[in-house]
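To start, the structure under review is shown below, and the notes come after it.
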2 protein chains.
Amino acid sequence: MQRPFLHPAMEDVTLESVLYALADPARLAIVQKLASEGCGMNCSSAAPAAMPKSTQSHHFQILREAGLIRSERRGTEVVNALRCVEVEKRFPGVVSAILKASEKAKKR
Amino acid sequence: MQRPFLHPAMEDVTLESVLYALADPARLAIVQKLASEGCGMNCSSAAPAAMPKSTQSHHFQILREAGLIRSERRGTEVVNALRCVEVEKRFPGVVSAILKASEKAKKR
DNA sequence: TCCGGTTGTTCAATATTATTGAACTATTGA
DNA sequence: TCAATAGTTCAATAATATTGAACAACCGGA
């Protein structure tokens with residue numbers, strides 16, 4: 001049996017861990033993709049193309065432990081979804097402003 | 001002669017560099033302090049107590065290069081100030097939301 | 001039920017970054 | 001000119017990140 005995913009309670013999530021998670025370009029891109037799709041996605045689809053699987057796995061773990069995503073095993077794959085509402089309630093405006101800015105930046 | 005400080009034009013500042021700069025606890029604390037004072041502060045005052053000078057210097061450089069602060073030599077010291085208005089215009093809501101959240105977090 | 005394909009994890013080696021002591025520069029005030 | 005103050009630079013070391021390789025779990029089909 002594989003280790004189950006651990007999701008921190010939102011009250012235990014720190015601003016620092018959230019910023020740390022989002023400060024990495026690859027992870028920001030993952031979060032952006034998850035936000036743009038609106039629904040859950042598996043790791044390979046959400047991660048930037050050509051990223052090694054072990055690196056993907058690592059980044060998703062960081063995002064999970066930062067409280068930004070929720071991951072669930074579905075057969076061979078893992079479905080990841082943003083914890084938008086919860087995060088927004090805990091740190092109002094933070095992630096939404098970052099996503100908005102990053103969307104705008106992409107279009108430049 | 002010492003190298004002059006280089007401040008990026010705000011249009012060249014990237015969201016990633018801003019997030020990277022703010023993701024470090026020491027740097028976030030510096031930015032918080034600068035924000036709370038409202039006016040410029042020298043490095044030693046704005047940095048967390050007991051931080052080695054070489055480390056301070058490094059962190060201020062990161063903040064400067066990320067476009068978050070402006071530094072100016074005044075005699076033997078360097079006066080640092082947030083580039084609030086400019087940053088807010090470039091990435092609306094981002095830094096302000098982070099500072100608000102970090103203020104709240106401190107009070108817990 | 002066994003096998004091959006798919007998806008992701010883990011571990012350990014390597015590569016990249018961060019931290020810091022020590023030596024140094026620049027400025028000021030006595 | 002000298003000592004004190006404030007910060008910078010550099011190089012060594014410490015801490016993190018990345019990734020290949022081996023592995024585990026699950027699925028669908030023969």
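All values derive from a computational prediction rather than experimental measurement. Naming convention: chains lettered A, B, ... in sequence-line order (proteins, then strands); numbering from 1 in each chain.
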Sub-4.5 Å side-chain heavy-atom contact between A/Arg64 and A/Leu6 = no

Starting from C1' on D/dT9, measure out to CD1 on B/Ile62 and report it in whole angstrom.
-> 15 Å

May I ask you to evaluate whether A/Thr76 reaches the phosphate of D/dC26, defined as a side-chain N or O under 4.0 Å from OP1 or OP2?
-> no

May I have the distance from A/His58 (atom NE2) to C/dT7 (atom C1'), rounded to whole angstrom?
-> 19 Å

Spacing between B/Met51 atom CE and D/dA6 atom C1', to the nearest angstrom = 16 Å

Is there side-chain contact between B/Ser71 and B/His7, with at least one heavy-atom pair below 4.5 Å?
-> yes

In plain terms, say whether A/Arg74 and A/Glu72 are close enough for a salt bridge, that is, a side-chain N and a carboxylate O under 4.0 Å apart.
-> yes

Nearest-Å distance for atom pair NE2/C1', residues B/His59 and C/dT19 | 8 Å

Please check if the side chain of A/Glu88 supplies one atom and the backbone of A/Gly93 the other of a donor-acceptor pair under 3.5 Å.
-> yes

Within this structure, what is the CG-to-P distance between B/Asp24 and C/dT20, rounded to whole angstrom?
-> 11 Å

Figure out the CZ/C1' separation between B/Phe60 and D/dT8, and round it to whole Å.
-> 13 Å

Nearest-angstrom distance from the residue atom CG of B/Asn80 to C1' of D/dG7 | 11 Å

d(CD, B/Gln56; P, C/dT20) in whole Å | 11 Å

Taking the nucleotide of DNA chain C with the closest heavy atom to each, which residue, A/Asn42 or B/Pro52, is nearer the 5' end?
-> A/Asn42

Report yes if at least one side-chain N or O of B/Ser54 is closer than 4.0 Å to OP1 or OP2 of C/dT19; otherwise report no.
-> no

Classify the nucleic acid contact of A/Thr55 as base, sugar-phosphate or nothing, counting any heavy atom under 4.0 Å across all strands shown.
-> base

